[in-house]
Amino acid sequence: MSSPWLANLRQHRTGVLIGGLLGLSGGPVGVIFGAGVGYWLDKKLREHLDPGSQLEVQRTFFEATFTVMGRLAKADGRVTEHEIAFAEEVMRRMNLTASLRQEAIALFNRGKSAEIELAEVLEPLERAFKHSLSLRLMFVEVQIQAALVDGQLSQPELEILQRVCVSLGIGLPEFQLMVRRVQAQQEFHRWQHQNGGQASSSQGGLQEAYGVLGVSAENSDAEVKKAYRRLMSQHHPDKLVAKGLPDEMLQLAKEKTQEIQAAYERVKSARGMV
């Protein structure tokens with residue numbers, strides 16, 4: 001069985017060979033250097049031409065976000081004012097241009113109709129996100145937020161979300177944990193709004209903060225810190241953009257890291273952590 005390193009080298013062998021030949025005049029060192037440069041150039045060219053390139057990933061993410069959101073909104077047979085308001089709020093937070101906003105609305109409406117099969121949306125999404133778990137998780141998280149805008153997950157919404165997860169290779173335990181985190185996030189946000197982020201009692205907002213981090217009061221300080229760091233790394237805006245997150249969705253990633261940070265600070269304060 002060949003190693004991943006050899007498989008990767010074979011994939012870019014044309015660039016390696018050409019670079020090596022061009023470096024012949026420099027002796028063994030020149031060959032090695034030329035092969036290295038050829039490998040790098042071949043890799044970058046393939047990334048640019050590959051359907052999984054960053055621009056393609058960004059485009060797929062944008063289209064799928066609003067199409068699936070529309071499908072979830074229509075899952076119960078009727079699109080509510082809350083679901084429309086959530087989609088509009090996401091568009092506002094993304095600071096879309098007039099043309100992109102119209103496109104997002106068209107995608108949302110297309111998702112609501114029977115014009116497109118969900119598989120047609122999920123197949124390119126699966127290909128685009130194949131090498132980025134962080135993008136897959138963020139995509140699903142946004143859709144969970146859309147489904148929970150009315151406070152609960154209906155069976156049709158649950159079935160759609162589970163189908164998305166299966167397509168993206170996200171297991172049931174991880175999905176269930178994400179649902180609990182999003183629910184806790186909504187409660188924590190309400191507590192922040194009502195109390196200005198200041199606890200009215202020693203327990204104010206604490207349970208919700210734990211939920212945002214995906215831990216509980218029984219976890220140790222080290223486990224809480226580990227969960228916090230993992231979530232911050234997973235939602236780091238610069239990392240997500242580098243992997244293909246559309247620039248327009250950068251604000252959503254920033255807001256998510258701010259929420260994680262606020263929850264962590266609440267837990268740290270209650271525990272007296274440094």
Side-chain angles (χ1 to χ4, degrees), residues 11 43-75 83 86-147 157 159-171 174-175 178 182 233-257:
Q11 183 183 7
K43 185 173 185 292
K44 291 300 177 184
L45 180 61
R46 286 174 181 271
E47 287 175 353
H48 179 70
L49 297 176
D50 195 284
S53 64
Q54 188 177 50
L55 286 177
E56 185 65 23
V57 172
Q58 290 178 340
R59 184 67 195 166
T60 302
F61 197 118
F62 181 84
E63 291 179 351
T65 292
F66 291 102
T67 305
V68 175
M69 199 178 291
R71 181 58 54 90
L72 283 168
K74 188 67 173 180
E83 289 165 330
F86 177 81
E88 291 177 341
E89 176 63 14
V90 170
M91 295 176 201
R92 185 194 66 77
R93 287 156 61 192
M94 289 174 67
N95 197 28
L96 298 180
T97 62
S99 60
L100 281 177
R101 178 181 171 80
Q102 288 304 311
E103 185 173 353
I105 293 172
L107 289 167
F108 183 84
N109 289 333
R110 189 182 184 207
K112 290 191 304 179
S113 72
E115 175 187 341
I116 185 171
E117 291 292 332
L118 192 57
E120 294 180 45
V121 182
L122 297 180
E123 286 173 8
L125 197 66
E126 181 182 355
R127 291 195 300 272
F129 290 0
K130 183 166 59 175
H131 301 299
S132 179
L133 177 61
S134 295
L135 286 182
R136 282 179 270 157
L137 293 175
M138 181 173 180
F139 179 84
V140 173
E141 193 168 280
V142 171
Q143 301 305 328
I144 291 173
Q145 290 175 357
E157 289 171 333
E159 290 173 359
I160 291 173
L161 289 172
Q162 289 178 334
R163 189 173 169 190
V164 171
C165 286
V166 169
S167 178
L168 298 182
I170 297 173
E174 181 67 29
F175 168 66
M178 291 173 70
V182 170
S233 176
Q234 176 186 314
H235 292 87
H236 194 286
D238 293 339
K239 290 182 179 180
L240 289 170
V241 168
K243 291 177 180 179
L245 182 74
D247 292 339
E248 294 82 8
M249 300 193 78
L250 181 62
Q251 183 59 31
L252 300 184
K254 287 180 178 178
E255 290 173 5
K256 183 62 182 179
T257 57

Inter-residue atom distance I160.CD1 - K74.NZ, 0.5 Å rounding: 12.0 Å

Just so I know, are the side chains of E255 and R93 near enough to count as touching, which here means a heavy-atom distance under 4.5 Å? yes

Write down the atom of V182, the atom of E141, and the distance for their closest heavy-atom approach. CG2-CG, 3.9 Å

Do Q251 and N95 have side chains that get closer than 4.5 Å, going by heavy atoms? no

side-chain contact (heavy atoms from CB on, under 4.5 Å) between H236 and T257, worked out: CA-CA 7 Å; H236 194 286; T257 57; 5.6 Å; no

So how far is it from H131 NE2 to R136 CZ, rounded to the nearest 0.5 Å? 9.5 Å

Just do the side-chain contact (heavy atoms from CB on, under 4.5 Å) check on L137 and E174 with the steps written out, would you? CA-CA 9 Å; L137 293 175; E174 181 67 29; 4.0 Å; yes

Anything under 30° is parallel, anything over 60° is perpendicular, the rest tilted; go ahead and classify F129 against F139. perpendicular

Would a 4.5 Å heavy-atom cut-off, applied to side chains only, mark R163 and L122 as touching? yes

Measuring only between side-chain heavy atoms, which start at C-beta, is F86 closer than 4.5 Å to M69? yes

Does K243 have any side chain to side chain contact (heavy atoms under 4.5 Å, CB included) partners at least two apart in sequence or in another chain, and if so, which? S132, S134, L135

What is the minimum heavy-atom distance between A87 and F108, and which atoms define it? CB-CE1, 3.8 Å

Between L245 and M138, what is the shortest heavy-atom contact and its length? CD1-SD, 3.7 Å

The reported gap from CG in L250 to CG in D238 (rounded to nearest 0.5 angstrom) is 7.5 Å

Under 4.5 Å between any side-chain heavy atoms of E63 and L125, yes or no? no

With a sphere of 6.0 Å drawn around NZ of K254, does it hold more than 12 non-hydrogen atoms of other residues, nucleotides or ligands? no

For E123, the salt bridge (Lys or Arg N to Asp or Glu O under 4.0 Å) test, sequence neighbours excluded, returns none

Side chains of M91 and F66: does their closest heavy-atom pair fall under 4.5 Å? yes

Run L72 and L161 through side-chain contact (heavy atoms from CB on, under 4.5 Å) and show every step you take. CA-CA 8 Å; L72 283 168; L161 289 172; 4.0 Å; yes

Do the side chain of R71 and the main chain of G111 share a donor and acceptor less than 3.5 angstrom apart? yes

Going from CG on L252 to CD on Q145, what distance comes out if it is rounded to the nearest 0.5 angstrom? 8.0 Å

Here the pair of heavy atoms bringing G244 nearest to Q58 is O-CG, 3.0 Å

Can you find a heavy atom in the side chain of E248 that is under 4.5 Å from one in the side chain of T97? no

Distance (rounded to the nearest 0.5 Å) between L107 CG and Q102 CD: 11.5 Å

If every non-hydrogen atom of L240 is compared with every non-hydrogen atom of A253, which pair is closest and at what distance? CD1-CB, 3.9 Å

List the atom of A64, the atom of Q143, and the distance in Å for their closest heavy-atom pair. O-NE2, 4.3 Å

Give a yes or no on whether a salt bridge exists between R127 and E56, defined as a side-chain N under 4.0 angstrom from a carboxylate O. no

